[in-house]
Amino acid sequence: MTPEVDRELHRGGGLVAVSAIGASLAVWLSIPSEGELAFMRYKAGQFADAEQTYQRRIADGDASVAVLVPLVHIYLDKGEADRAVALMETYLAAHPDDMKGHELLATANWQAGRLADYQRQLEILNGASPTPARLRELAGLYGHHGDSKKQFQALQRLAGAADITVAERIQLAHLQLRQGDAAAAARSLGTLTGSELAPLDVHSRTTHFQVLLALGRLDQAAQALTGFAADPAAAPVLFNDLANAYAAAQRAADGLRPFAYFRAVRPLPEVEGAWARLAATARREAEVMTWLTTQGPLGRPLLEDLYHIASDSNQTQLAVASAQRLFDQAPALETQRRLAMALLAAGRDDHALIYLRELVPDDPRMASLYVTTLQRLGEHAELGHYLRARLAGGQASEDDRRKTAFDLLAQGQRDAALEIFLSLAEAHGPDHPDVRELFFLWGPRPGDAALAWVQRRAEHAAGPERIVWLQHLMDLGGGAERVARMFEAGPPPGGAAATDIYLQALVATNNHARLADLLRDLLPHASDPARLRRYAGLAQGTGDTALAGVAYARLLSAVPDDGEALRWMGLAALSRQDHKAAAAYLERYLQGGPADLEAAHAMATALTNLGDDRRAAAYYRRTLELAEAQAVPGYAARLAVAASLDRLGRVAEAVAAYEQLHQDFPDDAAMLGEYAAMLYRNGLLERLRQVTAAR
């Protein structure tokens, strides 16, 4: 309920109470003679006699207005409002359109303290004949009953009738703001002057302040609060609301100006706390520090706010002071932790260490800070004692042991850390982070003890884990020999994956003979193209071209157009002077048109040896085209170009190409032999003598 309504409701009667006896009787019908007598008794103050007369007439069936109205007033004058209400409700049940009756019932309800019923009668009266006074009364009642929707509608109608007070405008703006219509609230509020606000009570002025604050008009809100800040009825929370709003708007420095006045006229803890928060936000560290020294015990929420504000803005001394006050007033793990953190941030490690020592046993989160602080302070003896004690008794968790290992590493105690990681790795599979950390500490070439540990894990593992352990052993320097010996003693189960690792071990140990034997055993049973291709590559690595040929032949059986196999088989056939087979393989390979200079030249060479000069010429030309496409042709490409130019009859160009090769590679006997043959074939005997004489 608004203050105006509250005052109205305590004046002794509602607005409709102006419906006096004289007015009612003057308008309504004449009274019979007995009624005149009763009325005269009533006017003379003889209420008992008058009441008896009216009650007798009602008992005789006379429920006319002339009887009811005087009797109702008698009841009201006697303070028997409930009897008056009952009488008027009975009458209005039969005469619902009698507005005078509704006025009288409203008065009776008011006097009986039945505000809800009074409100309903006002609504009926206002519906029949709306007036600003009734709307205002209803708006107050709606506010009193918390019916903001109806209160809003009533205030809107008052505003539409241009008969709205300043307090009602403020209340309307407040309701509009609650509905999310800030623009309408701003219009309703308008610009109120000090003279308009001065007569208002604290409730209305508080609402005005809150609306301004919600609209973001911080300076106007500060001015509004200044107008009634000295009033004891002004809630202390308002000052904190204003401070928070300035802080949220990042205008803390501006917000401090009105607080100079607030602190003078309302020396309350809440006002002081609001100023302190705002000053800390404005980074007035020295001022807040001075203020703290003058204060007695402060509330925990305020000290926590000051601590967080100072910590977030790097005001380290204020953070320490706030945390110290918190701890002194409420010693506990959390307040002690904050104090230690503040001291560390302020660079006061020695002081922080005092609290960290006490925290670590009960707050494991502080362990890393404790260790770091000991390291910074050079307290190596205490650090070593702590790390050893952390593992004493064997009750430490894996996480604790792991943290200890890392801390030992930070101290340069690699061997001690390695021992812990070794114990951790014992409980985990080959892909666990502890195992990876162990391998990292060992380095690429660990000692025999480390290799033996991995070998043992591989021997006792099963399934996929065994393969991973074997691969780990292979990847460690010196591990390949152990893997090879494990397989020679009897291949462990693991299928193709285990065999692949054995192959890797044979390659790594250069055991070509055993590798070739193993490949001969494997090839007859292999059909997977990728595996056959790998076997062929391994066979080439042993230098056994026949074995490589077997692998590639099986690959071609599985994939007839496999380019790698066709190319290798063609070049191999050419090297053993099987020109027909070479041409057959290489032609199939080159049908797809790969940009392969070596293969093109080999094909041309095979065709030349087969006497097919026409087809050979096409491949010699292709060789030259591919060489020209190379930015910087290599030695093999340049040699192929020289030979191709010769075969195409471009002798002068061929000589020039061979000459350049001879200058760049004067000791290359194979190239020189080709050059000499070319000179002889073309009858350039003088140059041939010069070239051979030079050797």
How far does [atom1] of [X] sit from [atom2] of [Y], to the nearest 0.5 angstrom?
{"X": "Tyr261", "Y": "Leu225", "atom1": "OH", "atom2": "CG", "value": "9.5 Å"}
{"X": "Glu358", "Y": "Leu333", "atom1": "CD", "atom2": "CG", "value": "10.0 Å"}
{"X": "Arg205", "Y": "Thr207", "atom1": "CZ", "atom2": "OG1", "value": "12.0 Å"}
{"X": "Leu408", "Y": "Asp415", "atom1": "CG", "atom2": "CG", "value": "10.5 Å"}
{"X": "Leu318", "Y": "Leu292", "atom1": "CG", "atom2": "CG", "value": "6.5 Å"}
{"X": "Tyr355", "Y": "Gln336", "atom1": "OH", "atom2": "CD", "value": "7.5 Å"}

May I ask you to test the [X]-[Y] pair for a side-chain heavy-atom distance under 4.5 Å?
{"X": "Leu256", "Y": "Arg284", "value": "yes"}
{"X": "Asp475", "Y": "Phe439", "value": "no"}
{"X": "Leu200", "Y": "His208", "value": "no"}
{"X": "Leu441", "Y": "Leu409", "value": "yes"}
{"X": "Glu270", "Y": "Asn240", "value": "no"}
{"X": "Met341", "Y": "Met366", "value": "yes"}
{"X": "Leu438", "Y": "Leu424", "value": "no"}
{"X": "Leu238", "Y": "Arg266", "value": "no"}

Minimum heavy-atom distance between [X] and [Y], given as atom pair plus value:
{"X": "Leu306", "Y": "Ser322", "result": "CB-OG, 3.5 Å"}
{"X": "Trp442", "Y": "Pro446", "result": "CB-CB, 3.8 Å"}
{"X": "Ala367", "Y": "Val360", "result": "CA-CG2, 4.3 Å"}
{"X": "Ile309", "Y": "Ser313", "result": "O-OG, 2.7 Å"}
{"X": "Ala264", "Y": "Pro267", "result": "O-CD, 4.1 Å"}
{"X": "Ala221", "Y": "Phe209", "result": "O-CD1, 3.2 Å"}

Indicate yes or no: does Arg402 engage Asp399 in a salt bridge with an N to O separation below 4.0 Å.
yes
Is [X] reaching over with its side chain to a backbone N or O of [Y], donor-acceptor style, under 3.5 angstrom?
{"X": "Tyr246", "Y": "Leu218", "result": "yes"}
{"X": "Thr335", "Y": "Leu326", "result": "no"}
{"X": "Arg337", "Y": "Leu359", "result": "no"}
{"X": "Glu382", "Y": "Leu374", "result": "no"}
{"X": "Gln329", "Y": "Leu298", "result": "yes"}
{"X": "Arg436", "Y": "Asp431", "result": "yes"}
{"X": "His472", "Y": "Val454", "result": "no"}
{"X": "Glu285", "Y": "Gln317", "result": "yes"}
{"X": "Thr293", "Y": "Thr290", "result": "yes"}

Tell me, with the steps shown, if Arg217 and Val211 meet side-chain contact (heavy atoms from CB on, under 4.5 Å).
CA-CA 9 Å; Arg217 300 179 180 179; Val211 173; over 6 Å; no
Using the salt bridge (charged side-chain N to carboxylate O under 4.0 Å, His left out) rule, take Arg401 and Glu398 through it: C-alpha gap first, then chi angles, then the decisive distance, then the call.
CA-CA 5 Å; Arg401 290 158 62 199; Glu398 276 199 355; 5.0 Å; no
Go through the steps to decide whether Phe228 and Thr206 satisfy the test side-chain contact (heavy atoms from CB on, under 4.5 Å), and finish with yes or no.
CA-CA 9 Å; Phe228 66 101; Thr206 297; 3.6 Å; yes
Show your reasoning for whether side-chain contact (heavy atoms from CB on, under 4.5 Å) applies to Phe239 and Trp275.
CA-CA 8 Å; Phe239 302 97; Trp275 170 84; over 6 Å; no
Exercise: do Asp407 and Thr404 side chains pair donor with acceptor under 3.5 Å:
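There is no such pair (donor and acceptor under 3.5 Å, judged by atom type) between the side chains of Asp407 and Thr404.
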Atom CZ of Arg445 with >12 non-hydrogen neighbours under 6.0 angstrom
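At most 12 heavy atoms, drawn from other residues, nucleotides or ligands, come within 6.0 Å of this atom.
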For His308 and Arg338, run side-chain contact (heavy atoms from CB on, under 4.5 Å): C-alpha distance rounded to whole Å, both residues' side-chain angles, the deciding distance at 0.1 Å, then the answer.
CA-CA 10 Å; His308 288 300; Arg338 288 179 180 172; 3.8 Å; yes
Applying salt bridge (charged side-chain N to carboxylate O under 4.0 Å, His left out) to Arg257 and Asp219, what does each step give before you reach the verdict?
CA-CA 10 Å; Arg257 287 193 285 271; Asp219 295 335; 5.8 Å; no
His428 vs His432 aromatic rings, parallel, tilted or perpendicular, using cut-offs 30° and 60°?
parallel
Would you please indicate if the ring centroids of Phe406 and Phe421 are separated by under 6.0 Å?
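Distance test on ring centres: under 6.0 Å, yes.
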